[in-house]
Number of protein chains: 2
Amino acid sequence: MPPKDKASPSSASVTIRDVARLAGVSPATVSKVMNNAPYVSEETRQTVRAAADKLNFRPNSIARSLKMSRTATLGLITDDLEGVFTMSMMRGVEEVVSAQGFSVFLCNSYGDAARERAHLEVLIDKKVDGVILISGYRVRQRGAPALPLGDIPVVYLYQYTDEAAVRCVVPDDFGGAVLGAGHLAGLGRRRIAVINGPAHYEATRHRLEGVQHALARAGVPFDAALVRAGKWYESSGYAAASDLMTLPAPPDALFCMSDSIAVGALGALHDLGVRVPQDVALIGFDNRSFAVHQRPPLTTVALPLVQMGRLAGDLLLKDIREGGSAAELYRVPCELVVRQSCGASRA
Amino acid sequence: MPPKDKASPSSASVTIRDVARLAGVSPATVSKVMNNAPYVSEETRQTVRAAADKLNFRPNSIARSLKMSRTATLGLITDDLEGVFTMSMMRGVEEVVSAQGFSVFLCNSYGDAARERAHLEVLIDKKVDGVILISGYRVRQRGAPALPLGDIPVVYLYQYTDEAAVRCVVPDDFGGAVLGAGHLAGLGRRRIAVINGPAHYEATRHRLEGVQHALARAGVPFDAALVRAGKWYESSGYAAASDLMTLPAPPDALFCMSDSIAVGALGALHDLGVRVPQDVALIGFDNRSFAVHQRPPLTTVALPLVQMGRLAGDLLLKDIREGGSAAELYRVPCELVVRQSCGASRA
DNA sequence: CAGACTTCCGAAACCGTTTTCCGAAACGGG
DNA sequence: CCCGTTTCGGAAAACGGTTTCGGAAGTCTG
């Protein structure tokens, strides 16, 4: 067997001209074949394909991009690459986008506007076809400085904005809260307390409204005295739960608006000797990874992070292909995941 | 005030020719100015800069890449985008790499070789300057199919390989285990049990060797009967701990080779009524986010994930600039994070 | 059989840079 | 004053594709 010197890795890069030469046609024809353009006979098509295969030809997408001013590339800028919600959203984006032949640039802004801007400029220079901005935080950036994008389509993920003509994808906090509160009410709980996050979050307000809505629908009274607002963290849950349970008429259910709050509350309940779920039902929000490891495992309403990512990717791709769709706010439905902390059997 | 029709976003894209025209020089000169090339007078330099600023000129990096065959772009392929260790490594990579003006393409292979290959081909077509492969799993891919990269530099992150001429960055499992076992020994524990992961992992072996080394150095006897191998998961920790604690001569310390194992063990100890850390000291590995939330909070040896990512990025960049450095295995030192589960006061 | 289409293919321009190479001007030394 | 060197600037050729346009040949009509 002779040494296979012309091995598959095909020494330097083989261009469309090399293929043309081997196939005995012009570069233009090769281009047409590679792009399945019409008006080339089946015969030459075969010849060209054979030549391309033989030479192991791979079109240089840089050159293509230069001519076409389309790169099949997206930018993805996140506030917080290590944020607990970021990964799942990114996975959703990557999934739909790479299935369509697009690649995505990953950028981490650390929540710093200057860094975000710098990344954006690089992305623009690299001629991305679109940009997704992920925020780990749900803050609304009302007065945020306008981004230096030209007419590059953008979608915001897990982030609200007032900017014109940009699409936002967020979880349906209202609906999620309806799910959770409805579950509690369906289980016969009558005095349902809410331990919420900081008041300035959109989510906080929407979730509270969701609870009210669900309770009203179920005919369960809503007692505003049973609502607490604090931080999203554990300590806040501990404090609020301790407070609520020492009320003259304590609640029989705690709806915690984050799983962290819920584990804090769980700690408080444990310390007070109240049993979960017998004495008090407990439900969290977010479906964090640790929720399932609590004792008892935490019922919680799951954020549809992967779906949100998928939707964001789809929206962006559609916008790139079909051009300027209107700004819109997409709320992706949450899902209730039933575990033991409310006393319901698993569905 | 007249309408600022020639607004800063500079309608279409302004090219080097536009700048040249405005500055009254040739495109070649503009290029030289933009790249700080020598042999252009300070005067024209100024003129050109002014023109560029005025037109808001941003060089088209696609065109530049075409000519230079350098894209300032890296590919990053991960086994498991949602893996618990992935994010931190990615952050490390992104951090050093974007500081040097490089962008990174994010790809998720879901551990599927075909998908990995497909991503790799896209990356090559897009002419990335280098590739990093992250594995969420520590498996050694001995017979892994050769990757279809030409002479593009690669570094493996959190992954061993036998392929020639590729650099690997992994945690120093041996050193980490020495740290943990040394801590236990220093606290006066004499019967130190090990709950390890599956035997076929490199890490499993290295960590066990680390324990033996540390114990020998501290003059603490090593009892092979106190070693258990199982899965990395909680259930495995529960079973092994239950088993160990019902031995005639139970251990006074448990070195769990993952935090998941440790929380399983913690559950077993709790159910058996043995107190942590009074009766038994417990130490985990990985420094997972939930370690701090255990009761008692878990002492653990932290994986240097961000540092590993940084190192991988640095190595790749160096290789890109300086060309073919030799294959090497880099072990990044772990760090002991002391909490309450061993009874030590915080350092 | 003439004329109108249709199909097939290639020459050449183009996308926006970088870089080589060459000529002109300025400068310095003998 | 003449002849090397530098210094400065531009024309033109890449880089590797795509696309327009026109010509040649073949296929229908009537």
Side-chain angles (χ1 to χ4, degrees), chain A residues 10-49 51-52 55-73 101 122 124-129 150, chain B residues 10-49 51-52 55-73 101 122 124-129 150:
Chain A
S10 66
S11 53
S13 71
V14 19
T15 79
I16 211 172
R17 266 165 252 271
D18 300 322
V19 178
R21 197 171 318 124
L22 178 60
V25 299
S26 77
T29 302
V30 177
S31 174
K32 283 170 192 158
V33 172
M34 299 316 283
N35 296 313
N36 293 315
Y39 296 141
V40 25
S41 74
E42 191 52 34
E43 193 188 333
T44 51
R45 224 175 262 281
Q46 302 289 354
T47 317
V48 169
R49 288 242 170 73
L55 293 180
N56 212 320
F57 170 67
R58 310 238 50 184
N60 179 333
S61 59
I62 298 287
R64 185 203 304 259
S65 297
L66 179 58
K67 188 81 213 310
M68 316 275 281
S69 51
R70 256 134 155 290
T71 52
T73 295
V122 171
I124 291 172
D125 289 348
K126 294 210 166 150
K127 304 293 180 213
V128 296
D129 294 331
Chain B
S10 65
S11 53
S13 71
V14 18
T15 79
I16 213 172
R17 260 167 257 272
D18 300 323
V19 178
R21 197 171 316 126
L22 179 59
V25 299
S26 77
T29 303
V30 177
S31 174
K32 283 168 192 159
V33 171
M34 299 315 283
N35 297 315
N36 292 314
Y39 296 141
V40 26
S41 73
E42 192 52 35
E43 193 188 334
T44 51
R45 224 175 261 282
Q46 304 289 353
T47 317
V48 170
R49 288 242 171 72
L55 294 180
N56 210 320
F57 170 68
R58 310 237 49 187
N60 179 333
S61 59
I62 298 287
R64 183 202 305 258
S65 297
L66 178 59
K67 190 79 214 316
M68 316 273 281
S69 49
R70 273 319 230 32
T71 52
T73 294
V122 171
I124 291 172
D125 290 348
K126 295 208 167 154
K127 304 291 179 215
V128 295
D129 294 330

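Letters A, B, ... mirror the listed sequences (proteins, then strands); counts begin at 1.
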ask   = Rounded to the nearest 0.5 Å, what separation is found between the CG atom of B/Leu55 and the OG atom of B/Ser13?
value = 11.5 Å
ask   = Is the distance from OP1 or OP2 of C/dA11 to the nearest side-chain N or O of A/Ser26 less than 4.0 Å?
value = no
query = Are A/Ser41 and C/dC8 close enough that a side-chain N or O sits under 4.0 Å from OP1 or OP2?
reply = no
request  = Let me know the distance between CG of A/Asp18 and C1' of D/dC15, rounded to the nearest Å.
outcome  = 13 Å
request  = Without swapping roles, check the side chain of A/Asn35 against the backbone of A/Ala37 for a donor-acceptor pair under 3.5 Å.
outcome  = no
task = Map B/Leu66 and B/Pro38 onto DNA chain D by nearest heavy atom, then report which one ends up closer to the 5' terminus.
result = B/Pro38
task = Keeping the roles fixed (side chain from A/Ser31, backbone from A/Pro27), state whether a donor-acceptor pair exists under 3.5 Å.
result = no
ask   = With sugar-phosphate meaning primed atoms plus P, OP1 and OP2, does B/Thr44 contact a base, only sugar-phosphate, or nothing at under 4.0 Å between heavy atoms?
value = sugar-phosphate
query = What nucleotide among D/dG9, D/dT18, C/dA12 has an atom nearest to a side-chain atom of A/Asn35?
reply = D/dT18
ask   = Between atom CG in A/Leu55 and atom P in D/dG16, what is the gap in whole Å?
value = 14 Å
query = Of the nucleotides D/dG10, D/dG9, C/dG16, which one has an atom closest to the side chain of B/Val40?
reply = D/dG9
inquiry  = Just N and O in the side chain of B/Ser13: are any of them under 4.0 Å from OP1 or OP2 of C/dG16?
reply    = yes
Polar side chain donor-acceptor pair, A/Ser26 to A/Thr29, under 3.5 angstrom = yes
Base C/dT17 paired with B/Lys67 side chain (donor-acceptor, <3.5 Å) = no
note = In whole angstroms, the gap separating P of C/dC15 from CG of A/Asp125 amounts to 19 Å
key: 4.5 Å side-chain heavy-atom contact, A/Asn36 and A/Arg45   = yes
note = Rounded to whole Å, the CD-P distance (A/Glu42 to C/dC9) equals 11 Å
task = Kindly say if A/Ser31 contacts the phosphate of D/dT18, meaning a side-chain N or O under 4.0 Å from OP1 or OP2.
result = yes
key: Euclidean distance, atom CG of residue B/Asn60 to atom P of D/dC15 [Å, nearest integer]   = 18 Å
query = A/Met68 near the nucleic acid: base, sugar-phosphate alone, or nothing, with a heavy-atom cut-off under 4.0 Å?
reply = sugar-phosphate
request  = List for me each residue that meets side-chain hydrogen bond (donor to acceptor under 3.5 Å, both in side chains) alongside A/Glu42, sequence neighbours excluded, and say none if there are none.
outcome  = A/Gln46
ask   = Within this structure, what is the CD1-to-C1' distance between A/Ile124 and C/dG16, rounded to whole angstrom?
value = 18 Å
query = A/Ala28 has a side chain; which of D/dT19, C/dT17, D/dG9 sits nearest to it?
reply = D/dT19
message = Side chain of B/Ile16, heavy atoms from C-beta onward: which of C/dT18, D/dT18, C/dG10 has the nearest atom to it?
response = C/dT18
task = Ignoring hydrogens and angles, answer whether the base of D/dG16 and the side-chain atoms of A/Arg64 contain a donor-acceptor pair closer than 3.5 Å.
result = no
ask   = Do A/Lys32 and C/dG10 share a donor-acceptor pair, side chain to base, under 3.5 Å?
value = yes
key: d(CZ, B/Arg17; C1', C/dA13) in whole Å   = 12 Å
inquiry  = At 4.0 Å (heavy atoms only), tell me whether A/Val30 reaches a base, stays on the sugar-phosphate, or touches nothing.
reply    = nothing
Length of the line joining B/Arg21:CZ and C/dG16:P, which is rounded to integer Å = 12 Å
